[in-house]
Amino acid sequence: QALDFLEAAPLEWDNTVNKTFRVKEEIQPLQNAMVETIKNDITQFSGQMEAFVKEFHANGPFKWSPDEGDNVHAVYAKLDESQQKLVKMETEAQAFTELEELFELTSSRHTRLKDMRLELGLLKMVWDTICLVQFLFSSWKSTLWADIDTEVLLDETKMLQTQIKKLPRRVRDWDVYQNLEAEVRNMATVLPLVHELHSPAMRDRHWKALITVTRKSFEKGPSFALEDLLALELHLYVEGVMEIVETANKELKVESKLKVIEDCWSAMSLEFDRHRDTEVFVLVASDELLETLEDHQMQLQSMVGMGRFVDFFRSRVNTWQHTLGNVETVLKLLLGVQKSWSSLEAIFLASADIRAQLPDDTKRFEGVDTEFKELMLDAQARPGVIACCNTDGREQMLSAQNKELEKCQKALNEYLDMKKNVFPRFYFVSNMALLDILSNGNNPPKIMPHLESVYDGIGNLKLEESSKAKKDDESLEGAEGKVAAPEFNNASAMIAKDGEVVRFLTQFEIIGAVEHWLTQLTIWMQDTLRAITDTAITDAANWDVDRPREVWTLDYPAQLSLLASQIVWTEETEAVLEEFENGAEDAIKKYHEICTSRLEALIKLVIGELSKNDRNKVITCITIDVHNRDIVGMLVEKKVESTQDFAWQSQIKFYWDAEKKQVDIKICDFASVYSFEYVGNCGRLVITPLTDRCYVTLTTALRLFLGGAPAGPAGTGKTETTKDLARGLGVPCYVFNCSDQFNYQTMADIFKGLAQVGAWGCFDE
């Protein structure tokens, strides 16, 4: 059967196909009629679809404005309606597609419906975002001003902006999208401004300025919320708002600084301290106060230059500038007057000599003294800096006092200059010490402590009662049975600072004004040293006979035994050089041996029992003798043949002029005379080759009328070398430790003294 069926199958299939063709021919007219009907229906449907799309584009919710307050429910209702119509049309389109397939017609794509479906979905997506934005923004608007956390709100706004940017590009040309984006962008602009307006610097005046800028009024009360700020449309006035905030911040800085200045000076008080042992309290110059004053004045000056930012406080700033300016002026005047008063008070009120010599100026000072003490009492009663310095008439009063004190100081200086011109060494003592000297001119024991500041070597005088005073005392004692205080008007010797005593040839009478007898004392000192030198040189001729040099050394003051030794050494050395020049080849060598033996004798002496002063004297002689011996050895070594050789000319040489009773000094082409300034038993420096070069340089500078400036590290002997050379020449040398307190007047006084005394000035550091 199966085989039969398979054999019959082709025939059956052919019959079926033929039957199909026959049926198709039979229904062809009906099919053609139906195709025409379907085509007409599709054409009609396409028209309906086009109309629907146009109507959707025309009336759909493609527009939105935050200001219009559109009803979201109405929008979604419209979207639902469009959705239903679209679904219906999509159903019809599907049916037509099936008919076209059935009747073997060309399929219609209905692309407009697909576009419509996409746009409707995108539009819904946009409106969903709008609903989210409106919901969030509405919830923010009721936030009260104090509760606004702009950072949180700004973070959420940025998230919304990111979400909007992720929407498909197709929606970006739609008005609804653009307005949505603008709304969120405006919020992102406004929130930072809200944050800035939260600045603690904002005052009522700044909020009024905000009303002016935005042209919208509002009231910043307890119910002031974000909604009120959003209503101002701050995004339209960004620059104006930022300018207001900047002004507020700058004004806050000015206000804060002014507050600090006001608080500081309201609490700032002057400090007072007792003046010496008196009942007067004087102002203490507080560095902290002066630094604060300078700092605050600079701050006020910088405020003035801040332009519009300081306009609101300009009157306060100007007031404080004026006030602190007064404080500075009055404080400077007060400290200046106080300094002058302090230095003059002990002079005009305590010095009987000055009161007698300057009666008019004493009265002037007494008037200032009374006023100044009253001023100090008033200042103590009101120690506040502002109250004290801004008292009416205080500046004028201090200026007047300052002028009066300047007159007193000028008169005093003129009086002291008169004394200094008589005895120029007074230029090297302080005014206070000088006044003490002048006021005790008739009381020599009280002047003795000041001698060491006037003379390099004299520390005291050996005072003795005059014979006339003794007789007067004896007669007074016989008449009344009382013993009067002795009057020491004679001096028999000068005593060095180190204790060495040099007796005067005759008693020195202390009579007349102190400046006159001190001038005479200087001459007496020089004459005494000159006479002792003459005797010492005469006795030195017996060194090799009955009075050895080492014994002779102990008979004279250290300075003069050394000077006489150098005179003898110079004379003997030049003599042996002449002998050498005349043919005695071993003359210098023999003299070298003599120098060595003399040196050894001094060394033996110093090893034995000696007093402190004698030991120092012998050590000084040994120091110079070693150098002299070395020079003679150098002459032998270099085979110097003449006194004109530079090796000899470069040494300091001393020559005694018996007729003039003076010592001539030569070194290279420098020549001078020994000044016989008493230096005591102070010792001398060890002379090195560098010391020799310094001596040559400094003396050559003197010959050229120049100064010398030894340079080198601290502690290498610059000052000591200069002083040692001065002592070698018998010249007084005054050392001045320079500081920033030195001014042209100080230098002028020093040079006046140096020029008149004929002394050296060593300006250290």
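No experiment lies behind these values; they were computed from the predicted model shown.
Summarising the local packing, NE2 of His195 is surrounded by 12 or fewer heavy atoms from other residues, nucleotides or ligands at distances under 6.0 Å. By the 6.0 Å contact criterion, CZ on Phe218 is enclosed, its count of non-hydrogen atoms from other residues, nucleotides or ligands being greater than 12. By the neighbour-count criterion of 12 heavy atoms within 6.0 Å, atom NE2 of His322 is sparsely surrounded, having that number or fewer from other residues, nucleotides or ligands. Within a 6.0 Å sphere centred on CG of Asp204, heavy atoms belonging to other residues, nucleotides or ligands number 12 at most. By the neighbour-count criterion of 12 heavy atoms within 6.0 Å, atom NZ of Lys114 is sparsely surrounded, having that number or fewer from other residues, nucleotides or ligands. Crowding of Met747 atom CE: a count of heavy atoms from other residues, nucleotides or ligands under 6.0 Å exceeding 12. The number of heavy-atom neighbours closer than 6.0 Å to CD of Glu294, taken from other residues, nucleotides and ligands shown, is 12 or below.
Minimum interatomic distance between Leu333 and Ser399 (heavy atoms only, all atoms of both residues): CD1-OG, 3.5 Å. Taking both residues in full, the closest heavy atoms of Ala433 and Val429 are given as CB-CB, 4.4 Å, listed atom of the first, atom of the second, then distance. Taking every heavy atom of both residues into account, Asn249 and Ala201 meet most closely at OD1-CB, 3.4 Å. Here the closest heavy-atom approach between residue Asp263 and residue Ser266 is recorded as O-OG, 2.7 Å. In this structure, Thr214 and Tyr237 approach most closely via the heavy-atom pair O-OH, 3.6 Å. Closest approach of Trp145 and His198 over heavy atoms only: O-NE2, 2.8 Å.
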*asked:* Arg117 vs Gln83, test: side chain to side chain donor-acceptor pair (under 3.5 Å). Steps then yes/no.
replied: CA-CA 8 Å; Arg117 166 58 60 198; Gln83 166 71 5; 2.7 Å; yes

**Asn179 and Ile130: CA distance, side-chain angles, deciding distance, side-chain contact (heavy atoms from CB on, under 4.5 Å) verdict** = CA-CA 10 Å; Asn179 285 344; Ile130 289 173; over 6 Å; no

After noting the C-alpha distance and the side-chain angles of Gln299 and Asp295, does the key distance pass the side chain to side chain donor-acceptor pair (under 3.5 Å) rule? CA-CA 6 Å; Gln299 287 184 25; Asp295 181 41; 3.2 Å; yes

Report task. Start with the C-alpha gap between Asp360 and Arg364, add the side-chain angles, then the distance that decides, and say whether salt bridge (Lys or Arg N to Asp or Glu O under 4.0 Å) holds. Result -> CA-CA 6 Å; Asp360 294 340; Arg364 180 181 288 113; over 6 Å; no

*Under the side chain to side chain donor-acceptor pair (under 3.5 Å) criterion, do Ser315 and Asn318 qualify, and how do the steps go?*
CA-CA 5 Å; Ser315 60; Asn318 290 340; over 6 Å; no

- Message: Checking Lys85 against Glu81 for the salt bridge (Lys or Arg N to Asp or Glu O under 4.0 Å) test, could you report, in this order, the C-alpha distance in whole Å, the side-chain angles of both residues, the deciding distance, and whether it holds?
- Response: CA-CA 6 Å; Lys85 287 182 180 179; Glu81 183 184 343; 3.5 Å; yes

Given Phe52 and Phe45, is the ring-ring contact (aromatic ring centres under 6.0 Å, His included) satisfied, shown in steps? CA-CA 10 Å; Phe52 170 63; Phe45 175 75; over 10 Å; no

Stepwise, does the ring-ring contact (aromatic ring centres under 6.0 Å, His included) test hold for Phe763 with Phe751? CA-CA 11 Å; Phe763 298 91; Phe751 281 117; 5.7 Å; yes

- Query: Under the side chain to side chain donor-acceptor pair (under 3.5 Å) criterion, do Asp369 and Trp341 qualify, and how do the steps go?
  - Reply: CA-CA 7 Å; Asp369 179 64; Trp341 171 85; 2.7 Å; yes

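A donor-acceptor contact closer than 3.5 angstrom is absent between the side chains of Asp417 and Tyr427. In the model, Asn413 has a side-chain atom that pairs as donor or acceptor with a side-chain atom of Gln409 under 3.5 Å. Between the side chains of Asn743 and Thr746, at least one donor-acceptor pair of N or O atoms lies under 3.5 Å. Side-chain contact annotation: Glu119 with His57, donor-acceptor N/O pair under 3.5 Å present.
Using modelled atom types, one side-chain atom of Gln178 and one backbone atom of Arg172 make a donor-acceptor pair closer than 3.5 Å. Using modelled atom types, one side-chain atom of His206 and one backbone atom of Arg203 make a donor-acceptor pair closer than 3.5 Å. Using a distance-only test at 3.5 Å, with no hydrogens or angles considered, no donor-acceptor pair links the side chain of Arg314 to the main chain of Arg308. Between the side chain of Asn186 and the main chain of Ala182, a donor-acceptor pair closer than 3.5 Å is present. Using a distance-only test at 3.5 Å, with no hydrogens or angles considered, a donor-acceptor pair links the side chain of Arg355 to the main chain of Phe348. Without hydrogens or angle criteria, Trp127 side chain to Pro61 main chain gives a donor-acceptor distance under 3.5 Å. Checking side-chain atoms of Asp155 against main-chain N and O of Val152 turns up no donor-acceptor pair under 3.5 Å. Judged by distance alone, the side chain of Asn326 and the main-chain N or O of Asn390 form no donor-acceptor pair under 3.5 Å. For the pair Glu271 (side chain) and Ser286 (backbone), a donor-acceptor distance under 3.5 Å is absent. Judged by distance alone, with hydrogens and angles left aside, the side-chain atoms of Lys141 form no donor-acceptor pair with the main-chain N or O of Leu230 at under 3.5 Å.
For the pair Trp320 and Ile386, the minimum side-chain heavy-atom distance is below 4.5 Å. At least one side-chain heavy atom of Lys250 sits under 4.5 Å from a side-chain heavy atom of Glu246. Looking at heavy atoms from C-beta onward, Thr391 lies in side-chain contact with Arg382 at the 4.5 angstrom threshold. Residues His275 and Glu345 have side chains in contact (heavy-atom distance under 4.5 Å, counting atoms from C-beta outward). Side-chain atoms of Leu154 and Lys158, non-hydrogen and from C-beta on, do get closer than 4.5 Å to each other. Two residues are said to be in side-chain contact when any heavy atoms from C-beta on lie closer than 4.5 Å; Leu210 and Leu197 meet this criterion. Between Leu412 and Ile354, the closest side-chain pair of non-hydrogen atoms falls below 4.5 Å. Under the 4.5 Å side-chain criterion, counting only non-hydrogen atoms from C-beta, Leu331 is in contact with Leu289.
Distance check: Lys257 NZ to Glu262 CD gives 14.5 Å after rounding to the nearest 0.5 Å. Here the SG-CD1 distance, from Cys408 to Ile347, works out to 10.5 Å after rounding to the nearest 0.5 Å. Rounding to the nearest 0.5 Å gives a distance of 11.0 Å between CG of Leu193 and CG of Leu232. The line from CE of Met268 to CD1 of Ile261 is 11.0 Å long, rounded to the nearest 0.5 Å. Atom CG in Asp287 sits 10.5 Å away from atom OG1 in Thr292 (nearest 0.5 Å). Phe313 CZ to Glu251 CD: the interatomic distance, rounded to the nearest 0.5 Å, is 5.5 Å.
None of Met89, Gln48, Arg112 except one satisfies the side chain to side chain contact (heavy atoms under 4.5 Å, CB included) rule with Val53; the exception is Arg112.
Between Glu328 and Lys332 there is a salt bridge, with a side-chain nitrogen of the basic residue lying less than 4.0 Å from a carboxylate oxygen of the acidic one.
Taking the six-membered ring for Trp and the full ring otherwise, the centers of Phe372 and Phe365 sit at least 6.0 Å from each other.
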